[in-house]
Amino acid sequence: MTASTPNETTAVQAQAAQTDGFHLVIDALKLNGIDTIFGLPGIPITDLTRMAQTAGMRVISFRHEQHAGNAAAAAGFLTQKPGICLTVSAPGFLNGLTALANATTNCFPMILISGSSEREIVDLQQGDYEEMDQLAIAKPLCKAAFRILHAQDIGVGVARAIRSALSGRPGGVYLDMPAKLFSQTMDAVAGAASLIQVVDAAPRQIPAPDAVQRALDVLKSAQKPLILLGKGAAYAQADASIRALVERSGIPYLPMSMAKGILPDTHGQCASAARSHVLAEADVVLLIGARLNWLLSHGKGKTWGGSTTRRFIQIDIAPTEMDSNVPIAAPLVGDVGSCVDALLAGMGSNWAEPPAEWTRAVYDKRDKNQAKMAETLAKNPSPMNFQSALSAVREVIRENPEAILVNEGANTLDFTRSIVDMYLPRKRLDVGTWGIMGIGMGFSVAAAVVTGKPVIAVEGDSAFGFSGMEVETICRYHLPVCVVVFNNNGVYRGTDVNGSGGADVAPTVFVKGARYEMMMQAFGGVGVVANTPAELGAAMREAVASGKPTLINAIIDETAGTESGRITMLNPQTAKK
Ligand code: ADP
Ligand code: TZD
């Protein structure tokens, strides 16, 4: 064997010092503090998942891309870092797309990265494996969409995706990566230099001083003020400032579903149990990170007492949100933290509390409604109804305030939201702006992975079915998730009959007495049947204490549910009447 010449050595070193598309994607994500990928492998991204894991990233592999996408969205909401969902082309991409659109609708930051077929073949429609013009399809369904064709552009592409997901109103971003990109090679030093570490991805947006003064003037003039907190306020992680504003102003507040816990639901100024009263009566409403969409009856009509003189102050990072449904008297455009701090500074130390007549009326109403609710919760019917089952869940959450509650269904959602108090911010994840079913197991996996805290998923039996197969994922990663299925044998309830008298069951009815707990047992987890609140509470406590994946099949009276829960009026037949 002859010794190599210096020139040959340099050539070998140069060859060794190459990088490729796979590694540049991983390095770009890691450089930006992203350490987890939720996805599902296959051509052309299988090696990317392997290499990411080898490179020290957490790769959580799902059974269906929609749930990986939902996990990425929830991770984004919880951490203020875009959650990453990685899928294969066409069908995998489409499976992830629902989650991307849902994330965008909810203002959650996530990035869907999908492998795709070769441009040349797709554009000539020559029939490639899983051919689809994914970029064009994603564009109208997300906040931004980009395609990276060259390895040297990976740094820019990833940086643009991160900045688009996080800055301004957060949302979903699509990043298209044709198969060929991954195997492209380039000089490793040049590759490293091409990556971008995004500086200040979500810049603070300071509200204009005159807008702050206008907001304060409107708030000061109120006789019956109300503060309404939305999930934008929860996302903003300005918990201490929000609490200070609520307490210093002395104004009653109402949290939207995912804003529960920014202040504990047991706080003296919480008006949740007097919701109808405060919405109908308030003369000035300060919205903090909440849109006046269908969930708030568009800011008008019966829910709002038919009033046309009420004035709104709205804090939102998106200027175009203002006047989207009703006039906004005092728009306060900026990030929640900066806006709330500016209001606090402007309020000074001698801010007058709202008239006692108003606050007394609100808290009297609340206390009365809570007493009524306590009576209902104390009943112990057999089989359980939603309220009696939730009296057990309520206690377990009270004992474990750090647990994350995931919640979907119709009646299961509505009753849980109003019965189960939350004590800490960002502990409640649910169906959000669309009222979408199927977020359950994806959100649960993400919550467990990014927080390490116990997760309790309270699921309607129909809702659970959308993502039920992910119990295997939960078992595979040994996640501390306790799924409680409220089993009432169907969608909304289990008692509908086939109008034709035929042999098929009605469209809303499932197999009676289904053994959901066996699904968890099938993968090595714990499965329990609960027939009483005591059994349910005991099984939940055991699950939280052990941290073992658990599914509790909670048997609920099949006659207990209401069609569509509390949004029955949106059904065309009901709306017609
Ligand atoms: P909810 O359903 O709880 O009422 P929405 O999703 O309707 O809440 O509203 C959330 C709002 O919060 C959106 O309009 C969004 O633009 C806004 N938002 C999100 N993050 C921030 C932030 N950091 N600062 C200000 N507004 C924000
Ligand atoms: N598909 C999707 C993706 N989202 C939806 N919201 C629906 C269908 C319609 N839908 C609801 O709005 S709630 C619900 C469906 C199918 C399920 C209700 O039944 P459940 O809950 O068993 O989950 P309850 O507690 O028995 O009402």
Keeping [X] on the side-chain end and [Y] on the backbone end, is there a donor-acceptor pair under 3.5 Å?
| X | Y | result |
| --- | --- | --- |
| Arg58 | Thr36 | no |
| Asn70 | Ala99 | no |
| Asn385 | Ser388 | yes |
| Asn407 | Val458 | yes |
| Thr79 | Ala75 | yes |
| Asn106 | Thr433 | yes |
| Asn293 | Leu295 | yes |
| His298 | Lys300 | no |
| His267 | Gly261 | no |
| Gln80 | Tyr235 | yes |

*asked:* Can you confirm whether more than 12 heavy atoms, excluding those of Arg566, are under 6.0 Å from its CZ atom?
replied: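 Yes.
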Answer yes or no: are there more than 12 heavy-atom neighbours, outside Arg160 itself, under 6.0 Å from its atom CZ?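 No, the 6.0 Å shell around CZ holds no more than 12 heavy atoms from other groups.
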So, taking the atom named [atom1] in [X] and the one named [atom2] in [Y], what distance separates them when rounded to the nearest 0.5 Å?
| X | Y | atom1 | atom2 | result |
| --- | --- | --- | --- | --- |
| Arg394 | Ile419 | CZ | CD1 | 8.0 Å |
| Leu413 | Ser418 | CG | OG | 9.5 Å |
| Leu135 | Ser114 | CG | OG | 11.0 Å |
| Leu279 | Leu228 | CG | CG | 6.5 Å |
| Glu459 | Ile439 | CD | CD1 | 6.5 Å |
| Cys270 | Leu263 | SG | CG | 8.5 Å |

Heavy atoms, side chains only, cut-off 4.5 Å: are [X] and [Y] in contact?
| X | Y | value |
| --- | --- | --- |
| Phe486 | Asp461 | no |
| Lys365 | Val362 | no |
| Trp304 | Val285 | yes |
| Asp430 | Val406 | no |
| Ile113 | Ile111 | yes |
| Val483 | Phe464 | yes |
| Leu229 | Tyr253 | yes |

Could you tell me whether [X] and [Y] make a salt bridge, using a distance below 4.0 angstrom between a side-chain N and a carboxylate O?
| X | Y | answer |
| --- | --- | --- |
| Asp414 | Arg417 | yes |
| Arg366 | Asp364 | no |
| Lys453 | Glu402 | no |
| Arg169 | Glu321 | yes |
| Lys372 | Glu375 | no |
| Arg291 | Asp316 | no |
| Arg310 | Asp283 | no |

- prompt: Which of parallel (below 30°), tilted (30 to 60°) and perpendicular (above 60°) describes Phe77 and Phe108?
  reply: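 Phe77 vs Phe108 ring planes: tilted.
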* Do the ring planes of Phe386 and Phe415 sit parallel (below 30°), tilted (30 to 60°) or perpendicular (above 60°)? ->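 Parallel: the ring planes of Phe386 and Phe415 meet at under 30°.
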Could you check Trp358 against Tyr363 for ring pair (Phe, Tyr, Trp, His ring centres under 6.0 Å), going step by step and ending with a plain yes or no?
CA-CA 9 Å; Trp358 164 240; Tyr363 303 141; 8.9 Å; no
Check step by step if side chain to side chain contact (heavy atoms under 4.5 Å, CB included) holds for Leu429 and Ile404. CA-CA 8 Å; Leu429 302 173; Ile404 290 166; 4.0 Å; yes
- Task: Work out which heavy atom in Ser338 is nearest to a heavy atom in Ile206; give both atom names and the distance.
- Result: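 Result for this residue pair: OG-CD1, 3.7 Å.
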Nearest non-hydrogen partners of Gln197 and Leu31, listed with the distance =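 Looking at all heavy atoms of both residues, the shortest contact is NE2-O, 3.5 Å.
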**Message:** Between Thr105 and Asn102, does the side-chain hydrogen bond (donor to acceptor under 3.5 Å, both in side chains) criterion hold? Intermediate values first, please.
**Reply:** CA-CA 5 Å; Thr105 299; Asn102 188 51; 5.4 Å; no
After noting the C-alpha distance and the side-chain angles of Lys260 and Leu405, does the key distance pass the side chain to side chain contact (heavy atoms under 4.5 Å, CB included) rule? CA-CA 11 Å; Lys260 279 163 69 78; Leu405 178 66; over 6 Å; no
Output, in order, the C-alpha distance, side-chain angles, deciding distance and verdict of side chain to side chain contact (heavy atoms under 4.5 Å, CB included) for Leu254 and Ser272.
CA-CA 5 Å; Leu254 188 63; Ser272 286; 4.3 Å; yes
One pair to check against side chain to side chain contact (heavy atoms under 4.5 Å, CB included): Val420 and Asp265. What are the steps and the verdict?
CA-CA 9 Å; Val420 178; Asp265 283 336; over 6 Å; no
